[in-house]
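FYI, the numbering just counts along the sequence from 1.
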Amino acid sequence: LNPQNILLADSGKQKSYENIKIIDFGCSLNCDAKDKFSEMIGTPYYIAPEILRGKGCQKSDIWSVGVIAYICLSGTPPFNGESEREILKKVKNGEISFQSPVWESISTLAK
């Protein structure tokens, strides 16, 4: 998942966007909860460390949702770098920081 694949659907009630739609299933896989996949597909910023280790599963999308939430709250990706390789290395380590000044105004619950 990445933000470009998420749409908010207008429910018709006073500009209320209650429905979230996921689009663009070009790289999607149909799998059971117990299935694992090893093919590395996805956008470096949003890819889960499990996928990089060849043990991706349905929970990998939850990781992507967390990354999207982080970006929405802070305006920056949690794993940034000068190159794709550097970004993927940081993703694999999975260390997230809430130390920048922007996080001072964000609630503990949101973090």
Side-chain angles (χ1 to χ4, degrees):
L1 295 177
N2 65 53
Q4 293 84 352
N5 300 116
I6 300 173
L7 295 177
L8 297 176
D10 183 352
S11 65
K13 301 178 193 173
Q14 301 176 356
K15 299 277 182 181
S16 174
Y17 297 95
E18 299 170 356
N19 297 311
I20 296 174
K21 306 282 185 182
I22 306 297
I23 62 166
D24 187 6
F25 295 96
C27 294
S28 67
L29 299 170
N30 189 8
C31 57
D32 294 326
K34 64 181 184 235
D35 289 343
K36 303 283 186 218
F37 50 92
S38 59
E39 187 177 352
M40 195 183 100
I41 55 172
T43 306
Y45 286 120
Y46 307 101
I47 198 166
E50 292 81 10
I51 293 174
L52 298 176
R53 293 184 187 103
K55 298 181 180 184
C57 64
Q58 288 180 335
K59 293 179 183 179
S60 300
D61 285 339
I62 301 302
W63 173 273
S64 300
V65 169
V67 171
I68 292 167
Y70 187 103
I71 293 170
C72 287
L73 290 168
S74 71
T76 61
F79 310 103
N80 212 348
E82 295 291 321
S83 67
E84 187 173 299
R85 182 180 177 142
E86 187 178 339
I87 294 166
L88 293 174
K89 182 179 178 183
K90 289 180 179 181
V91 168
K92 200 169 191 178
N93 291 337
E95 295 176 20
I96 296 175
S97 173
F98 297 102
Q99 300 305 314
S100 71
V102 71
W103 290 106
E104 292 174 10
S105 64
I106 298 173
S107 74
T108 302
L109 182 60
K111 293 177 204 176

- Report yes or no: does S97 contribute a side-chain atom to a donor-acceptor pair with the main-chain N or O of Q99 at less than 3.5 Å? yes
- Query: Any chance NZ of K111 has more than 12 other-residue heavy atoms, nucleotides or ligands included, within less than 6.0 Å?
  - Reply: yes
- Minimum heavy-atom distance R53-K92, with the two atoms named: NH2-O, 2.6 Å
- Message: Tell me if a side-chain donor or acceptor on T43 pairs with a main-chain N or O of Y46 at a distance below 3.5 Å.
- Response: no
- Non-hydrogen atoms of I87 and N80 that approach each other most closely: CG1-C, 3.9 Å
- Message: Hydrophobic clustering (ILVMFWY, side-chain heavy atoms < 4.5 Å, transitive) - are I96 and Y45 grouped together?
- Response: yes
- Task: Indicate yes or no: at least one non-hydrogen side-chain atom of S64 is less than 4.5 angstrom from one of V67.
- Result: no
- Closest heavy-atom pair, L52 versus L88, reported as atoms and distance to 0.1 Å, is CD1-O, 3.5 Å
- Query: Hey, is the main chain of Q4 close enough, under 3.5 Å, to the side chain of N2 for a donor-acceptor pair?
  - Reply: yes
- Answer whether the closest heavy-atom distance between the side chains of E50 and K59 falls below 4.5 Å. no
- Between V102 and S105, what is the shortest heavy-atom contact and its length? O-OG, 3.2 Å
- Query: So how far is it from Y70 OH to I106 CD1, rounded to the nearest 0.5 Å?
  - Reply: 8.5 Å
- Query: When rounded to the nearest 0.5 angstrom, what distance separates CG in L7 from CD1 in I20?
  - Reply: 10.5 Å
- Considering non-hydrogen atoms only, spot the tightest contact between E82 and E86 and give its length. N-OE1, 3.1 Å
- Message: Under the ring-ring contact (aromatic ring centres under 6.0 Å, His included) definition, can you give me all pairs with a residue in residues 48-68, not counting sequence neighbours?
- Response: W63-F79
- Item | Gap separating the NZ atom of K21 from the CG atom of N5, nearest 0.5 angstrom | 15.0 Å
- Query: Between K90 and E95, does a side chain to side chain contact (heavy atoms under 4.5 Å, CB included) hold up when you go through it step by step?
  - Reply: CA-CA 7 Å; K90 289 180 179 181; E95 295 176 20; over 6 Å; no
- Using a 4.5 Å cut-off on heavy atoms from C-beta on, say whether the side chain of T76 contacts that of I71. no
- Item | Smallest separation among heavy atoms of P49 and V91, with atom names | CG-O, 3.5 Å
- Message: Just so I know, are the side chains of W103 and L73 near enough to count as touching, which here means a heavy-atom distance under 4.5 Å?
- Response: yes
